[in-house]
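Lettering of chains follows the sequences in order, A, B, ..., and the numbering in each one begins at 1. Atom set for the values below is all heavy atoms of this structure, side chains included, hydrogens, waters and symmetry mates excluded.
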There are 2 protein chains.
Amino acid sequence: MRLTTKGRYAVTAMLDLVLHSQNTPVTLTEIATRQTISLSYLEQLFSRLRKADLVKGVRGPGGGYRLRQTPDLISIASIIEAVNEPIDSTKCGGEENCQHDSVCLTHDLWAGLSDHIQDYLSKITLADLIAQRDDRRNTTKCSEAIVKFDKPLKYG
Amino acid sequence: MRLTTKGRYAVTAMLDLVLHSQNTPVTLTEIATRQTISLSYLEQLFSRLRKADLVKGVRGPGGGYRLRQTPDLISIASIIEAVNEPIDSTKCGGEENCQHDSVCLTHDLWAGLSDHIQDYLSKITLADLIAQRDDRRNTTKCSEAIVKFDKPLKYG
DNA sequence: CGATAATTGACTATTTTAGTTGGTTAAGTA
DNA sequence: TACTTAACCAACTAAAATAGTCAATTATCG
């Protein structure tokens, strides 16, 4: 699992989507202006997020994007995986010329690390991040408009 | 802490350096041919590794590179940090316009993740990887020439 | 002195990331 | 039906990071 700014953009956008989800879908234009990410780049990212079944696009006026599941079911790992190309860790996978040299050793290390991060991020969901935010709001001076979830949100 | 192929190259090269360290320094040309990394790219990487005091260059015939410390004192984290640009995680650090929005939340997440990986990789040393390799050699069919450390190696 | 190999810097190529442009398609609204 | 909205799509450009090339300098060994 690679960690680049691309995944970070995707997580930011998804978080924005959740935080501003009322019963109506959230448009990419809104997210773009709020998070200062270019609309077209968001389109690329959401194309992948949609294909990974994390979000659902709703066309036409009043349209936008909506989560497919509740935020507690969407892990950070799944978001990052969705936007990144699958990694090619099969360089010396099971080949017969494998000599357990430094290439192989590094491969093992990276695979282990990847698993580790994967494990870590798969246990953190969008809901966790929001809960963390709510915890903080009490102790900080930040005066952000509170997004209330007084009505049950639509998903899928 | 970013995880890219650059750090992976650096770790691979450092591992190769350790595995082929007799009492004489190891040249970049050797590492380049063994690991199929371009010499000039290795030069760039080792320039940084040297500035981070992980290796020491020895000029002239019979020269090459040598570890500064014993392999059990060189963590994977230190290698990756050495070759990567310091990350600019100060986008919304302590600014007054911080609203704990999704940008901030993602920042917190990333910072936490970075710490986590840092912690994980700082506990793995080059010596650990070699030990892992030695464990494996007994159970595999690989017939790599064994690098014996029958003489104490020079460092620094 | 001559060969070796690090050291340095400028420069090029490739890939990834990010953004732009210009459409089409679906759905809601007047 | 016409118009607007906003997803969806594809080709293209720009910027950045990664990877590699080339040429020169410097230290050291024989």
Side-chain angles (χ1 to χ4, degrees), chain A residues 1-13 17 20-21 23-68 80 82-88 91, chain B residues 1-13 17 20 23-33 35-68 80 82-88 91:
Chain A
M1 171 172 266
R2 274 163 62 235
L3 286 181
T4 64
T5 51
K6 194 174 191 175
R8 199 164 152 174
Y9 270 104
V11 173
T12 303
L17 174 54
H20 297 87
S21 279
N23 258 332
T24 97
V26 180
T27 68
L28 292 189
T29 307
E30 290 175 53
I31 300 179
T33 54
R34 268 194 302 259
Q35 306 300 332
T36 55
I37 307 172
S38 86
L39 177 60
S40 54
Y41 195 41
L42 277 180
E43 282 177 345
Q44 289 177 40
L45 296 177
F46 273 77
S47 171
R48 288 167 176 273
L49 293 171
R50 190 174 55 84
K51 280 163 188 161
D53 266 339
L54 293 178
V55 296
K56 181 188 176 182
V58 181
R59 290 184 169 189
Y65 281 96
R66 187 171 275 174
L67 293 188
R68 268 228 118 86
I80 295 174
V83 297
N84 280 337
E85 294 298 333
I87 198 145
D88 55 339
K91 263 217 167 169
Chain B
M1 172 173 265
R2 274 166 58 235
L3 286 182
T4 64
T5 50
K6 194 174 191 174
R8 199 164 153 175
Y9 271 105
V11 173
T12 303
L17 174 55
H20 297 88
N23 258 332
T24 95
V26 180
T27 68
L28 292 190
T29 307
E30 290 175 53
I31 300 179
T33 54
Q35 306 300 333
T36 55
I37 306 173
S38 86
L39 177 59
S40 53
Y41 195 41
L42 277 179
E43 283 173 347
Q44 290 176 37
L45 296 177
F46 273 78
S47 171
R48 287 166 176 273
L49 292 171
R50 191 175 56 82
K51 280 166 188 160
D53 267 338
L54 292 179
V55 297
K56 180 188 178 184
V58 181
R59 290 184 170 190
Y65 280 96
R66 186 170 273 175
L67 293 188
R68 269 273 197 231
I80 295 175
V83 297
N84 279 337
E85 295 298 333
I87 197 144
D88 55 341
K91 262 216 168 170

_Atom-pair distance (NZ on B/K6; P on C/dT17), nearest Å_ = 15 Å

*With respect to the phosphate group of D/dT18, does any side-chain polar atom (N or O) of B/T4 fall under 4.0 Å of OP1 or OP2?*
yes

*For DNA chain C, whose closest nucleotide is more 5', that of B/P61 or that of A/S38?*
B/P61

_Separation between CG of A/L17 and OG1 of A/T12, rounded to the nearest 0.5 Å_ = 12.5 Å

*asked:* I need the CD-C1' distance between B/Q35 and D/dG20, as an integer number of Å.
replied: 17 Å

*Round to the nearest Å and state the distance from B/L3 atom CG to D/dT18 atom P.*
12 Å

*Atom pair distance, as rounded to whole Å: CZ in A/R66 and P in D/dC8*: 13 Å

*Looking at residues at least two apart in the chain, or sitting in another chain, which of them share a side chain to side chain donor-acceptor pair (under 3.5 Å) with A/E43?*
none

*If a pair satisfies ring pair (Phe, Tyr, Trp, His ring centres under 6.0 Å) and one of its residues is in residues 24-64 of chain A, list it, with sequence neighbours excluded.*
A/Y9-A/Y41, A/F46-A/Y65

_side-chain contact (heavy atoms from CB on, under 4.5 Å) involving A/T33 - partner list, sequence neighbours excluded_ = none

*Separation of C/dT17 P from A/N84 CG (nearest whole Å)*: 7 Å

*Do any side-chain nitrogens or oxygens of A/R2 fall under 4.0 Å of OP1 or OP2 in C/dT17?*
yes

_Atom pair distance, as rounded to whole Å: CZ in B/R8 and P in D/dA19_ = 11 Å

*Determine, for nucleotides 6-14 of chain C in 5'-to-3' order, which nucleotides have protein heavy atoms under 4.0 Å from the base (write B), from only the sugar-phosphate (write S), or from neither (write -).*
SBB------

*Kindly write out the residues that satisfy side chain to side chain donor-acceptor pair (under 3.5 Å) with A/S47, not counting sequence neighbours, or none if the list is empty.*
A/K51

*Please give, in whole Å, the distance from C/dT17 P to A/Y9 OH?*
12 Å

*When you measure from the side chain of B/R66 to the backbone N and O of B/N23, does any donor-acceptor pair fall under 3.5 Å?*
yes

*Sequence-distant partners of A/R50, side chain to side chain donor-acceptor pair (under 3.5 Å), two or more places apart*: none

*Of the nucleotides D/dT5, C/dT4, C/dG19, which one has an atom closest to the side chain of A/Y41?*
C/dG19

*Round to a whole Å and report the spacing from CG of A/L45 to C1' of D/dA7.*
15 Å

